[in-house]
Amino acid sequence: MPDFNPSIILYTADALNDRGRAVLSQFPQAETLEVKQHNRLPELGMNHFKVKSDVLVLGKLKTQDIKWSGRSSDYIAPSLANGCFGACTYCYVDRHKNVNPITLFTNIDENLASIDAHVNSLAWPKPMNQTDATFWTYDIGCNSDISVDYDLTLGIRQVFEFYRDHPKAKATFATKFVNPGMLNFDPKRKIRIRFSLMPAHISKLVDVRTDSIEKRIAAINDFHEAGYEVHVNFSPVIVYSGPDGDKKAWRNDYRELFRQLDASLRPEVRQQLKSEVIFLTHNQRQHQANLAINPKAEELLWVPELQESKVSQFGGWNIRYEHQLKRKMIAVFEDMVRDEIPWCEIRYIF
Ligand code: SF4
């Protein structure tokens with residue numbers, strides 16, 4: 001877990017409710033500065049990484065939109081935060097902003113009221129689907145890493161309590177951090193944490209400033225024991241050759257990863273663990289930025305001979321593996337899961 005200690009906190013006036021003031025008092029040494037908009041920050045003279053470790057922003061989320069997902073969850077909840085201490089080279093949250101410090105939205109009561117109204121408007125019992133057999137699921141961490149945010153505001157614990165106690169709603173989020181403080185909370189299986197996994201030596205290059213794969217795997221049993229439902233998120237799957245040109249290098253490394261997982265998990269943890277698999281998508285703008293700040297990792301992500309481009313819904317150029325090739329890679333991945341960890345159901349793969 002990062003030792004996050006911002007030197008400056010930017011806030012909008014409407015973010016200073018009890019939650020916002022509590023965050024300010026948690027970092028009394030930080031300089032504070034009021035800004036007009038949480039997503040239009042003044043020039044801070046800090047690079048990509050320093051902004052993420054030195055700046056915290058407090059804002060109020062204006063629109064409480066809840067979007068259909070059908071993949072990681074039934075719905076995407078309104079963001080609790082946006083931005084992250086981590087600096088993963090493929091992070092889609094970083095794609096759309098010049099600087100991306102952790103921005104906490106302090107109007108958590110509004111967020112939870114909108115979820116409560118939304119879930120109560122849905123059919124009950126819920127028709128069973130791959131996201132969950134019983135509860136309507138909400139992804140609460142699409143634009144930040146909730147394991148990091150948990151230590152910055154008691155608001156995240158309030159969110160955990162809401163979902164734990166709600167008769168119809170369940171929360172879920174993917175994470176690349178292990179926060180031992182979260183083990184003191186028992187969500188009674190109403191929060192699904194999804195640890196993101198990939199071959200460890202690749203993670204070291206691309207999952208910048210996150211916890212190691214070894215740490216994440218080692219945490220799975222503990223989180224289950226604490227009362228979380230634990231799944232894994234094989235994402236992004238990056239296809240690469242070995243230093244000797246071996247085109248199967250990525251496959252061999254995933255087999256090894258599956259074996260590590262198989263050896264680490266207790267039987268009752270395996271029994272409830274499912275996975276989701278998402279092959280890498282990349283982005284032209286991010287590619288240019290990475291060439292300047294992380295060219296070694298970029299060699300793994302930008303492989304035009306394997307990739308095709310597509311205009312994203314936001315208008316930028318996204319890059320993904322060529323679709324015929326990807327079909328084959330998906331089949332390979334499914335076969336490897338069947339061979340090595342047959343107890344691990346794939347909820348979805350694309
Ligand atoms: S941990 Fe997640 S949110 Fe943070 S930089 Fe990495 S991909 Fe982005």
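Just so you know, ligand 1 is whichever comes first in the structure, and atom 1 is the first atom listed for that ligand.
Between the side chains of Thr210 and Arg216, at least one donor N or O sits under 3.5 Å from an acceptor N or O.
Inclusion of Cys91 in the first shell of atom 8 (Fe) of ligand 1 is supported: an N, O or S atom falls under 2.8 Å. Among the atoms of Cys88, none of the N, O or S atoms falls under 2.8 Å from atom 4 (Fe) of ligand 1.
In terms of modelled atom types and a separation under 3.5 Å, the side chain of Asn283 and the main chain of Gln286 share a donor-acceptor contact.
Remark: ligand 1 atoms within the under-4.0 Å shell around heavy atoms of Ala87 are 5 (S). Of all atoms in ligand 1, numbered sequentially from 1 with element shown, those under 4.0 Å from a heavy atom of Asp145 are 1 (S).
The pair Asp262-Arg259 does not meet the salt-bridge criterion, since no charged nitrogen lies less than 4.0 angstrom from a carboxylate oxygen. A salt bridge links Glu161 with Arg157: at least one charged nitrogen is closer than 4.0 Å to a carboxylate oxygen.
Given atom 2 (Fe) of ligand 1, the protein heavy atom at minimum distance is Lys176 NZ, 4.0 Å. Nearest to atom 4 (Fe) of ligand 1 among the protein's heavy atoms is Cys84 SG, 2.3 Å.
Few gaps surround CD on Gln288; more than 12 heavy atoms of other groups in view lie less than 6.0 Å from it.
Counting heavy atoms under 4.0 Å from ligand 1, residue Ser196 does not touch it at all.
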